[in-house]
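Presented below is the structure to which this report refers.
Chain letters run A, B, ... following the sequence lines, proteins first, then strands; residues in each count from 1.
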Amino acid sequence: MNLEEIKAENFIEEAIIEDLKAGKNKEVITRCPPEPSGHWHIGHVKAWTIDFETAIKFGGYTNLRMDDTNPTKEDGDFADSYVDDLKWLGYTPKNVIYSSEAYFEKMYEIACDFIKRGLAYVCELSGDEVSKTRGTLTEPGKNSPYRNREASESLKMFEAMRAGKYPDGSITLRAKIDMAHPNMNMRDPVMYRVMRVHHYKVGDKWCIYPMYDFAHPIEDALEGITYSLCDISFEDHRPLYNWFVENAFPGKKYLPRQMEFSKLAIENVLLGKRYLKRIVNSGKVMGWDDPRFFTIAGMRRRGITAAAVKNFVKSLGVTKVDSLIPKQQFDYFVREDLNKVATRAMVVLDPLKVKITNLVADEEIFVEDNPSLESSTKHKSVFSNELYIEKEDFSLNPPPKYNRLVLGGMVRLKNAYIIKCNNVVYKNNGDIDYLECEYLPETRSGNDNSGIKVKGTIHFVAKNNAVKITIRNFKNLTKEEYLEPDKALNDGIELEDLLEENSLIETNALAEKFILNAKVLDKFQFVRKGYYSLDPDSTKDNLIFNSIVSLKDGFKTK
RNA sequence: UGGGGUAUCGCCAAGCGGUAAGGCUACGGUUUCUGACACCGUCAUUCGUAGGUUCAAAUCCUACUACCCCAGCCA
């Protein structure tokens, strides 16, 4: 690898190149360190993309490491789901590691060593007392009365902690740093706490568990991670991170370096785990994979592709700026990818019947599966004397520049013929019953030498080739006026007031019969309408399609 | 009023002392059997503010302002 040939695309890569050139590190090994306590969402995709792509760029690798140091919140099912999620994203971790299993013993030894060297002490202050003596943002904290306990005594007590001699929450191991430090994280942070909770991975082997601030840097160092990339909320933990790593491995040549980037926020997108959990428990959504959620499971179920999500995330760059991305910026990448992969189908969402008065026999027609592909295949469809078009594709009072069907006007039925509307037949109640049209036999698609030019092309489904399907349309999960739903909730808005009412709307549509071959998660473009994906709830008799995104609509009446 | 961060077009974002890339959006136009896609074009005399250094500053210096994060035995 020639460092001179690598172009840094962000400040992290810049720093890495500098380190590598200066010999501070010799390779780029990153880690993807989820706590198995919830489902991943699009924010995680940004973080993991940075972890994996950075390592790949420098010829290194990434470990998937379960940061499972707090059994009260964790569950093995989550850990399992991450392996699948990563696969869906197309990333392969070099190793899959469970911190609890891999490092708890070694961490304990290091903690003992800290005690012996006077860098840590056993503290008998209660949680409340610890909190009270921590000081405030502007006032220094007070030293714990146990701070100067003999190392030998601390060590004995720490061993007793591990042996289960102390009740939960009664005692901690604390780092001895500086209770007056302006950085709150440095005020003798807790390294170990006592809790008798069954751990999904290591069972009841331990009753003391390390805290993140101690565990994470030690794990990184033990694992040989060279770059520990995390979000900006850990920025002021970095001095602590370094303190632990430097004291645990004095003189070690290559130490991991933590660097932080800003996390992803998208307008109107709710990501907070605890909020999503409440919504799931309330039964107002289908589950963690609800298509309205921006969880990986939700996006996948909705029909959004991994490529789209990754392209979006990559387009954002890596910085430390507090940003809020408009949803439409995301939609662009969803459409961009779907345009390349979605099979085209003619589907009428809101049917208006049309009778072709001069057609004697049904005709077979062909619909291109995907014109954006060089070698596009076609599927068979039907043109018949009774068919459906979209209600909105016919108008009695057309607005300016309306180039669809009007009474006495002509329009092309896509993949079939140009038709002319001669008559509108009404029902007793005054509604339109159906349209009477004639088709122009010399205008068949692909064989049209008529020279007749028509302004518009609309899609249709022949009555005898139509199959009724269910469409799930989604509004934003939360009300549009809350640009930052997580923030609104944190500020005290009630979840009930934030949620959009009836954000799931089921409708029916008429699709070409060939759609019966669709498999779950297959992507379609319903021509001129939008992108749809077959939902797993579908049965043989009831195909359910999730609306992914609409097509852009350039029609402006002004 | 402690500490840590961030400020370049409506939203992202390059830029690293030599005279403001790119993407999204928007707006024009071309093309089109998807009003999609594609393609062309327009969109910052100006870089949070005010001073200063320099032949030359978004880039260096000084001061100020705004916003974000931190007081879990969570991660």
Using the [atom1] atom on both, measure [N] against [M] and round to a whole Å.
N: B:rA26; M: B:rA63; atom1: P; result: 44 Å
N: B:rG15; M: B:rC60; atom1: C1'; result: 15 Å
N: B:rG48; M: B:rU6; atom1: C1'; result: 11 Å
N: B:rG22; M: B:rG41; atom1: P; result: 11 Å
N: B:rG2; M: B:rA71; atom1: C1'; result: 11 Å
N: B:rA20; M: B:rU59; atom1: P; result: 14 Å

Heavy atoms from C-beta onward define the side chain here; which of [options] lies closest to that of [X]?
X: A:V527; options: B:rC68, B:rA71, B:rU34; answer: B:rU34
X: A:S131; options: B:rG72, B:rA13, B:rA36; answer: B:rG72
X: A:V190; options: B:rG3, B:rC73, B:rU25; answer: B:rC73
X: A:M211; options: B:rC11, B:rC73, B:rU34; answer: B:rC73
X: A:E235; options: B:rU34, B:rC73, B:rG5; answer: B:rG5

Salt bridge between [X] and [Y], side-chain N to carboxylate O under 4.0 Å?
X: A:E260; Y: A:R238; result: yes
X: A:D68; Y: A:K201; result: no
X: A:E9; Y: A:K314; result: no
X: A:E4; Y: A:K21; result: yes
X: A:D220; Y: A:R65; result: yes

Look at all strands and tell whether [X] reaches a base, only sugar-phosphate, or nothing, counting heavy atoms closer than 4.0 Å.
X: A:Y192; value: nothing
X: A:G169; value: base
X: A:R412; value: base
X: A:R404; value: base
X: A:S372; value: nothing
X: A:Y212; value: base
X: A:V321; value: sugar-phosphate
X: A:R274; value: nothing
X: A:I458; value: nothing
X: A:M186; value: nothing
X: A:N415; value: base
X: A:Q329; value: base
X: A:Y402; value: base
X: A:L137; value: base

Using a cut-off of strictly less than 4.0 Å, decide whether [X] has a side-chain nitrogen or oxygen near OP1 or OP2 of [N].
X: A:T69; N: B:rA75; answer: yes
X: A:R193; N: B:rA75; answer: yes
X: A:R528; N: B:rG35; answer: yes
X: A:T319; N: B:rA13; answer: yes

In this structure, how many angstroms lie between the [atom2] atom of [N] and the [atom1] atom of [X], rounded?
X: A:H459; N: B:rG35; atom1: NE2; atom2: C1'; answer: 12 Å
X: A:D393; N: B:rU34; atom1: CG; atom2: C1'; answer: 11 Å
X: A:H237; N: B:rG3; atom1: NE2; atom2: P; answer: 18 Å
X: A:K455; N: B:rU32; atom1: NZ; atom2: P; answer: 17 Å
X: A:K552; N: B:rA26; atom1: NZ; atom2: C1'; answer: 9 Å
X: A:N403; N: B:rU32; atom1: CG; atom2: C1'; answer: 12 Å
X: A:F11; N: B:rU6; atom1: CZ; atom2: C1'; answer: 11 Å
X: A:I232; N: B:rC69; atom1: CD1; atom2: P; answer: 11 Å

Under-3.5 Å donor-acceptor pair between [X] side chain and [N] base:
X: A:R238; N: B:rG4; answer: no
X: A:Q525; N: B:rU34; answer: yes
X: A:D236; N: B:rG3; answer: yes
X: A:E14; N: B:rC16; answer: yes

> Taking the six-membered ring of A:F366, is the NZ or CZ of A:K378 close enough (under 6.0 Å from the centre) and on axis enough (within 45°)?
Replying inline: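 Output no; distance or angle outside limits.
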> Checking A:R404 against A:F555: charged group under 6.0 Å from the ring centre and within 45 degrees of the axis?
Replying inline: yes
>> With nearest nucleotide decided by heavy atoms, which residue, A:T172 or A:N185, maps closer to the 5′ end of RNA chain B?
In response: A:N185
>> Please compare A:R344 and A:E35 by the position of their nearest nucleotide in RNA chain B and report the one closer to 5'.
In response: A:R344
>> Pairing donors with acceptors under 3.5 angstrom, does anything connect the side chains of A:S37 and A:K273?
In response: yes
> CZ/A:R193 to CD1/A:I171 distance, rounded to the nearest 0.5 angstrom?
Replying inline: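 Rounded to the nearest 0.5 Å, the CZ-CD1 separation comes to 15.0 Å.
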> Syn versus anti for B:rG72, judged by chi lying within 90° of 0?
Replying inline: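 Because its glycosidic torsion lies within 90° of 0, B:rG72 adopts the syn conformation.
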